[in-house]
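The block underneath contains the structure these notes are about, expressed in structure tokens.
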There are 2 protein chains.
Amino acid sequence: MPTSIKKPPKQPDKSRRYRGSSGDQRRNERYEQLLGAGLSVIGGQGYAAASVRSICAEAGLTERYFYESFANREALLAEVYKTQTRFLKDRMLAAFEKSERNSAAFARAGLQAFFDTLHQNPDVARLLLFEILGVSDTIDLLYYEAMEEFAVLIRTLTQSLGLADISGVPNQDMIYAGLVGAVLQIARRWALTDYREPVSSVVESSLFLFIAANNYAANSA
Amino acid sequence: MPTSIKKPPKQPDKSRRYRGSSGDQRRNERYEQLLGAGLSVIGGQGYAAASVRSICAEAGLTERYFYESFANREALLAEVYKTQTRFLKDRMLAAFEKSERNSAAFARAGLQAFFDTLHQNPDVARLLLFEILGVSDTIDLLYYEAMEEFAVLIRTLTQSLGLADISGVPNQDMIYAGLVGAVLQIARRWALTDYREPVSSVVESSLFLFIAANNYAANSA
DNA sequence: TACATCTGACATCAACCCATGTCAAAATTT
DNA sequence: AAATTTTGACATGGGTTGATGTCAGATGTA
């Protein structure tokens, strides 16, 4: 056999274009497709029904491309969850920005954004409120971290407003965790009753607990 | 063929004894066995891992006996859940009975019983706090009903004590649901951090929110 | 045109699952 | 003793799953 001069390059050319976009672009598009399909299936039919096959069918992609972006379906769940909590947090922060700088208006704006977002995106609501719990230890930890983030967000905001100095109250972390849990539970109840109550009701009820906690903290400090 | 005079009775004799107990007794024992095994597997490894096989293996029974007592594994989950919420509720009611008849002591006794029970029964905690959500619409509804029951319990007790007349506050149901959610979230956080904090911390933090809500309601009514 | 890469439909594989069925051995009754 | 019921171990069937592999055709490059 003569020494072959032409050595065919085995590594794929990432810059090669296909249907108008590069390899990386196409890869990213597929990733986004899968993320969206994941949210749709998990939020629409539940995580138990979210098999690799069903997600790929929803995304209009082949199973091979699933494993191009995710190690397994739990990895997809984690990414979808992170994406949506970030989305929700951004919406709340944007609402804070626009709000007046006084106690009630501030908290109300954030809560309004929270409930509005869930109301307008039932898939997100089901994912964040129901499907995320009890999947695995890894996912439970993710849930825990997200809750901590929301608690820190609330605490930071109230403190920056100088609403209440609750530094004298013990276990602030827990109390803020409890407030987050209260809002989540009100949201779950709302979702389970098909969002029958007006948004204003769930906002005001949540606000009631926030203000009550702040007042009591201020009085006992 | 001559007319057979002896007609063998096809229906099984329920009063027949076997290993010392009647048919009904044995049936009930198997039922209890399965309930316990269900709690053990679901609470220990999660509902996803709770196959009919694994539950029967844990119970020391054959799969045939599973379907003697339950239509499917979801039916088992429902029964286990009902049993354990009843258990938890009973423990709290017993604590209320023994408590002094004043506001803080009363609420504290109930919360103490709640957290003690979960702490002493991690399987129950995992089942009630994590595994029950997002299984199916039927189970979600069961969760909803249980939360309503706890909310009603709390409301009835505080009202019977004359702690606070919050009849002027709108959406009482929601607010009590929120308080239940706060306690649940504190419990979840506690469980996810391996029960590191002392029981007194979670009790006092929960109590803080209860008293805060009551005080604010009383002042604004 | 000839060649390389990308894509989608589908096959494959072992491992589970639920639910039901079979059957011989054990326990009880007659 | 013989007959009957109960039990436990196991087999079976139809299905789905996760993950990987095959391969012809579409789309690109030279």
Side-chain angles (χ1 to χ4, degrees), chain A residues 4-31 33-34 37-38 41-42 45-78 135-136, chain B residues 4-31 33-34 37-38 41-42 45-78 135-136:
Chain A
S4 60
I5 296 179
K6 261 176 63 178
K7 293 202 173 177
K10 279 296 179 186
Q11 73 264 10
D13 185 1
K14 294 175 79 175
S15 69
R16 177 177 188 172
R17 321 195 109 246
Y18 208 88
R19 277 212 279 260
S21 37
S22 77
D24 283 348
Q25 280 176 321
R26 284 173 348 246
R27 199 186 170 290
N28 282 344
E29 281 168 19
R30 289 191 292 258
Y31 176 85
Q33 279 280 329
L34 287 168
V41 174
I42 298 172
Q45 309 174 238
Y47 180 65
S51 65
V52 175
R53 276 205 237 288
S54 65
I55 289 171
C56 290
E58 175 77 22
L61 290 174
T62 306
E63 285 138 88
R64 179 158 42 105
Y65 290 119
F66 183 90
Y67 296 100
E68 174 194 57
S69 285
F70 306 98
N72 47 50
R73 67 193 201 111
E74 196 175 301
L76 170 71
L77 174 64
V135 170
S136 75
Chain B
S4 62
I5 296 180
K6 260 178 62 179
K7 293 200 175 180
K10 280 296 178 185
Q11 73 263 11
D13 185 1
K14 295 175 79 175
S15 69
R16 177 176 189 172
R17 319 194 110 247
Y18 209 87
R19 278 212 279 261
S21 36
S22 76
D24 282 348
Q25 280 177 321
R26 287 174 346 249
R27 200 187 170 288
N28 281 345
E29 280 167 20
R30 290 192 293 257
Y31 176 85
Q33 279 280 328
L34 287 168
V41 175
I42 298 172
Q45 309 174 237
Y47 180 65
S51 65
V52 175
R53 272 205 242 289
S54 65
I55 289 172
C56 290
E58 175 78 21
L61 290 174
T62 306
E63 284 139 88
R64 178 159 45 105
Y65 290 119
F66 182 91
Y67 297 100
E68 174 193 57
S69 286
F70 306 98
N72 47 50
R73 66 194 201 111
E74 196 176 301
L76 171 70
L77 174 64
V135 170
S136 75

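Chain naming here is simple, since letters A, B, ... match the order of the sequence lines and numbering starts at 1 in each. The structure presented is a predicted model; accordingly, all values stated were derived computationally and were not measured. Below, each value reflects all heavy atoms present in this structure, side chains not excepted, and no hydrogens, waters or symmetry copies.
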Rounded off to whole Å, could you give me the [atom1]-to-[atom2] distance for the [X] and [N] pair?
X	N	atom1	atom2	result
A/L77	D/dG18	CG	P	13 Å
B/F66	D/dT7	CZ	C1'	19 Å
B/L76	C/dC18	CG	C1'	14 Å
B/R26	C/dA27	CZ	P	13 Å
A/E68	C/dC6	CD	C1'	11 Å
A/Y47	D/dT17	OH	P	13 Å
A/Y67	D/dG21	OH	P	12 Å

Looking at C/dC17, I'd like to know if its phosphate oxygens (OP1 or OP2) sit under 4.0 Å from a side-chain N or O belonging to B/R73.
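No, outside the criterion.
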
Drop me the distance from A/L61's CG to A/S69's OG, to the nearest 0.5 angstrom.
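A/L61 atom CG to A/S69 atom OG measures 9.0 Å (nearest 0.5 Å).
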
Indicate yes or no: at least one non-hydrogen side-chain atom of A/V52 is less than 4.5 angstrom from one of A/Y67.
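Heavy-atom side-chain distance check passes, below 4.5 Å.
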
Which salt bridge (Lys or Arg N to Asp or Glu O under 4.0 Å) pairs, counting each pair once, include a residue from residues 59-77 of chain A, with sequence neighbours left out?
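For residues 59-77 of chain A, and leaving out neighbouring residues, the salt bridge (Lys or Arg N to Asp or Glu O under 4.0 Å) pairs sorted by first residue read A/R30-A/E68, A/R53-A/E63.
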
With axes from five pairs an end, tell me the bend angle of the helix from C/dT1-D/dA30 to C/dT30-D/dA1, nearest 10°.
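Angle reported: 10°, given to the nearest ten degrees.
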
Heavy atoms within less than 4.0 Å of DNA chain C: which residues of residues 48-64 of chain B have one? Give them sorted by number.
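Hits under 4.0 Å, by residue number: B/S51, B/V52, B/R53, B/E63.
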
Between B/L34 and B/F66, is the side-chain contact (heavy atoms from CB on, under 4.5 Å) condition met? List the steps.
CA-CA 7 Å; B/L34 287 168; B/F66 182 91; 4.2 Å; yes

Closest approach of [X] and [Y], non-hydrogen atoms and distance?
X	Y	value
B/I55	B/G38	CG2-N, 4.2 Å
A/E58	A/A37	CG-CB, 3.6 Å
B/S54	B/V41	OG-CG1, 4.0 Å

Would you classify B/Y65 as touching base, sugar-phosphate or nothing, given that sugar-phosphate means primed atoms plus P, OP1 and OP2, and contacts are heavy atoms under 4.0 Å?
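Base contact.
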
Sub-6.0 Å ring centroid separation between B/Y31 and B/Y65:
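Ring centroids of B/Y31 and B/Y65 are no less than 6.0 Å from each other.
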
